[in-house]
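Just below is one structure, and these are the notes that go with it.
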Amino acid sequence: MNVDIEKVASAPSPPPPAAPSSSHPNTKETKLTTAQDADLSDSSDLDSPTTTPDEEEEEEEEEEEFIPPDGGLTAWSQVLAACLINMLAWGYPTAFGVYQLHYRDTLRLPEAQVSWIGSLQVFLAFALCIFSGRLADAGYIKSTIIAGTFLVVFGTFMTSLCKEYWQIFLAQGLCTGLGLGIIFMPPLSVVNSYFKRKKALALAISATGTGLGSVVFPAVIQYLIPKVGFAWAVRCAGFVALGISVVSVVLLRPVLKPRRSGPVFEWDAFREGPYLLFTLGAFLFFWALFFGSFFVSSLRMERNDRWLMWEQINAFARNIVGFSTTDSVQLLLITNGMSVVARPITGYLADNYIGPINMHAFQMFLLGCMFFFWLAVDSATGLYVFAIFLGFAMGAAQGVFGGALASLLKDPRKMGTRFGMVCTLCAFSSLAGPPTAGAIIDRSNGTYTWACVWAGTVVVLASFTIMSARIAVTGFKLAVKI
């Protein structure tokens with residue numbers, strides 16, 4: 001019989017039985033009444049809800065409000081760890097254009113066939129966020145990153161040994177893609193838990209790893225192949241990935257109490273209007289963001305698999321404006337460099353003046369306008385200027401994405417699950433974006449006009465949807481920082 005000891009001790013004791021007296025005619029009745037009262041007292045104790053000491057302790061801990069340190073050496077070291085993981089999770093896939101050149105020229109594989117490798121890699125990097133995010137919320141931060149790192153490094157080293165298409169597809173597309181999807185979410189959950197007032201800035205700085213990685217990994221592959229050969233160039237990239245992951249695992253210090261119970265996919269979250277609208281806006285945003293062209297024969301692209309939109313600029317520079325391959329690589333570095341600069345700036349402004357959701361919607365609107373401005377570019381000088389502003393706009397819009405979503409969450413322990421749900425849904429839109437743009441370009445006889453119009457319209461619509469999520473929280477109030 002499970003009886004709460006504390007409640008029994010505090011419960012009022014039954015009245016003592018009346019002393020027998022020869023002068024009291026109802027002595028027997030008094031004893032019966034006393035016994036009934038005692039039985040009722042015991043029955044009320046049994047009917048009351050009982051908890052174990054461990055459950056009471058957990059309830060007390062949950063009731064205690066966690067106060068993020070919002071700064072300090074340990075907190076900012078978590079930002080560095082997340083930055084390193086972002087270098088790997090999203091910098092590594094941008095090197096696939098160099099891989100495709102090798103597969104096309106050396107293995108004589110069709111470009112459309114090879115494109116499926118990179119497509120699967122990017123899709124898995126998004127799609128697995130729902131599972132890695134839930135594991136992060138449950139407290140398996142380091143073990144999840146270690147498992148993902150093993151898959152990335154193992155897949156990379158196996159890629160260096162591959163000779164056939166199916167081998168490359170399994171090693172680089174499947175194995176490496178699984179690893180990238182597993183490692184992405186856990187560091188973001190940790191960073192989110194350490195900051196409140198500076199949350200958008202911290203998440204934006206951690207996102208700069210994406211731009212840094214998109215320079216480091218392509219450079220490692222591209223410049224080492226002529227010197228040490230393809231196999232060892234790939235292995236060197238694997239060693240870089242291993243070193244990045246080891247440092248991040250050493251630095252990470254989870255601070256929140258794990259949330260062991262709870263579903264992997266919280267369907268009830270979509271009953272919240274702001275979260276539903278934000279998810280829809282993110283879906284549209286990533287549909288147009290990753291619109292690097294796939295196989296488009298009319299353009300005779302040399303590297304048509306480049307996944308980020310600025311890689312489409314690279315192809316545009318070579319095929320429309322007439323840039324050489326060297327000049328187009330310089331253009332890529334300029335774009336990526338401006339992306340790195342933009343993220344901390346927008347994060348700081350979002351935290352201190354504008355608000356993460358306001359900044360995210362505004363920067364998305366500017367990025368949509370940049371797609372329309374692309375229509376006016378017809379010279380080398382104009383393309384350089386356009387690349388600078390485009391890189392800044394893309395970095396700004398992506399940099400506050402995490403901070404905007406975090407500002408909608410009331411429970412920081414659900415960051416991994418809620419963020420992972422959005423990323424998993426965006427996996428499908430990012431997978432559909434490149435074929436959509438490619439089909440538009442193909443139907444336009446190789447011109448980029450209607451593809452730019454499509455991308456600009458979709459991103460502007462996404463910004464309005466994000467703003468709708470903001471209105472769902474604050475109402476029609478203009479001067480509200482959120």
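Quick caveat, the model's predicted, so the values are computed rather than measured. Computed over heavy atoms, backbone and side chain alike; hydrogens, waters and symmetry mates excluded.
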Side-chain donor-acceptor pair present, Asn192, Lys199, cut-off under 3.5 Å:
yes
Are the side chain of Gln167 and the backbone of Lys163 linked by a donor-acceptor contact shorter than 3.5 Å?
yes
Is His360 reaching over with its side chain to a backbone N or O of Ala397, donor-acceptor style, under 3.5 angstrom?
yes
Between CZ on residue Arg134 and NZ on residue Lys414, distance to nearest 0.5 Å
9.5 Å
Is any side-chain heavy atom of Arg253 less than 4.5 Å from a side-chain heavy atom of Tyr194?
yes
Inter- and intrachain pairs under side-chain hydrogen bond (donor to acceptor under 3.5 Å, both in side chains), touching residues 136-150, at least two apart
Asp137-Arg259, Asp137-Thr417, Tyr140-Arg260, Thr149-Ser245
Can you check whether Leu409 reaches Met415 side chain to side chain, under 4.5 Å on heavy atoms?
yes
Between the CG atom in Leu151 and the CD1 atom in Ile146, the distance rounded to the nearest 0.5 Å is 12.5 Å
Between Phe239 and Phe157 (judged by ring centroids, cut-off 6.0 Å), do the two rings come close enough to count as a pair?
yes
Can you name the nearest heavy-atom pair linking Pro93 to Val122, along with the distance?
CB-CG2, 4.3 Å
Does CZ in Phe123 sit with more than 12 non-hydrogen atoms of other residues, nucleotides or ligands closer than 6.0 Å?
yes
Judged by atom type as modelled, is there a donor-acceptor pair below 3.5 Å linking the side chain of Gln121 to the main-chain atoms of Gln172?
yes
Taking the six-membered ring where the residue is Trp, are the ring centres of Phe286 and Phe401 under 6.0 Å apart?
yes
Hey, are Arg343 and Thr208 close enough side-chain-wise for a donor-acceptor pair under 3.5 Å?
no
Say whether Glu266 and Tyr275, considering side chains only, have a donor N or O and an acceptor N or O under 3.5 Å apart.
no
Of Phe371, Trp287, Trp374, the residue whose pairing with Trp454 passes ring-ring contact (aromatic ring centres under 6.0 Å, His included)
Trp287
Gln78 and Thr74: side chain to side chain contact (heavy atoms under 4.5 Å, CB included), yes or no, with the steps?
CA-CA 7 Å; Gln78 309 311 298; Thr74 302; 3.9 Å; yes
Taken to the nearest 0.5 Å, the spacing of Ser248 OG from Ile141 CD1 works out to 11.5 Å
I'd like to know if the side chain of Ser193 reaches the main chain of Val190, judged simply by a donor and an acceptor atom lying under 3.5 Å from each other, with no hydrogens or angles considered.
yes
Taking C-beta and beyond as the side chain, do Thr156 and Val234 meet within less than 4.5 Å on heavy atoms?
yes
Look only at the side chain of Arg470 and the backbone of Val480, and say whether a donor-acceptor pair between them is shorter than 3.5 Å.
yes
For residues Leu107 and Ile168, determine if any side-chain heavy atom of one lies less than 4.5 Å from a side-chain heavy atom of the other.
yes
Aromatic plane relationship, Tyr99 with Tyr92 - under 30° parallel, 30 to 60° tilted, over 60° perpendicular
tilted
Check the pair Phe195, Trp76 against ring-ring contact (aromatic ring centres under 6.0 Å, His included), reporting the backbone distance first and the verdict last.
CA-CA 9 Å; Phe195 293 88; Trp76 289 110; 4.9 Å; yes
With a 4.5 Å limit on heavy-atom distance, are the side chains of Pro187 and Ile145 in contact?
yes
Spacing of CZ belonging to Phe131 relative to CG belonging to Leu178, to within rounding of 0.5 Å:
11.0 Å
Can you tell me how the ring of Tyr165 sits relative to the ring of Phe169, calling it parallel under 30°, perpendicular over 60° and tilted otherwise?
tilted
Is a donor on one side and an acceptor on the other found under 3.5 Å between the side chain of Asn352 and the backbone of Gly347?
no
Heavy-atom pair with the smallest gap, counting every atom of Gly91 and Pro218
O-CD, 4.4 Å
Classify the angle between the aromatic ring planes of Phe126 and Trp90 as parallel (below 30°), tilted (30 to 60°) or perpendicular (above 60°).
tilted
Check: Thr424 side chain, Ala127 main-chain N or O, donor-acceptor pair, under 3.5 Å:
yes
Would you check if the distance from the ring center of Phe373 to the ring center of Phe389 is below 6.0 Å?
no
Whether the side chain of Ser206 engages the backbone of Cys83 through a donor-acceptor N/O pair (distance < 3.5 Å, no angle test) should be reported.
no
How many angstroms lie between CD1 in Ile357 and CG in Leu405, if you round to the nearest 0.5 Å?
8.5 Å
Taking the side chain as every heavy atom from C-beta outward, state whether Thr210 and Gln398 have any pair of such atoms under 4.5 Å apart.
no
Can any side-chain N or O of Ser160 pair as donor or acceptor with the backbone N or O of Arg235 at less than 3.5 Å?
no
Spell out, as yes or no, whether a donor-acceptor pair under 3.5 Å connects the side chain of Ser132 to the backbone of Gly181.
yes
Sub-4.5 Å side-chain heavy-atom contact between Leu212 and Val340
yes
Gap between atom CD1 of Ile440 and atom OG1 of Thr449 - 0.5 Å precision
11.5 Å
Starting from the C-alpha separation in whole Å, work towards a yes-or-no answer on side chain to side chain contact (heavy atoms under 4.5 Å, CB included) for Phe362 and Ile354.
CA-CA 10 Å; Phe362 175 68; Ile354 301 175; 5.9 Å; no
Verify side chain to side chain contact (heavy atoms under 4.5 Å, CB included) between Leu124 and Leu180, making sure each step is shown before the conclusion.
CA-CA 7 Å; Leu124 290 175; Leu180 295 175; over 6 Å; no
Verdict with reasoning, Val240 to Leu88, per side chain to side chain contact (heavy atoms under 4.5 Å, CB included)
CA-CA 9 Å; Val240 172; Leu88 178 57; over 6 Å; no
Hey, does Leu367 have a side-chain heavy atom less than 4.5 Å from the side chain of Leu289?
yes
Restricting to non-hydrogen atoms, name the atom on Ala138 and the atom on Pro258 that form the minimum distance, rounded to 0.1 Å.
O-CB, 3.1 Å
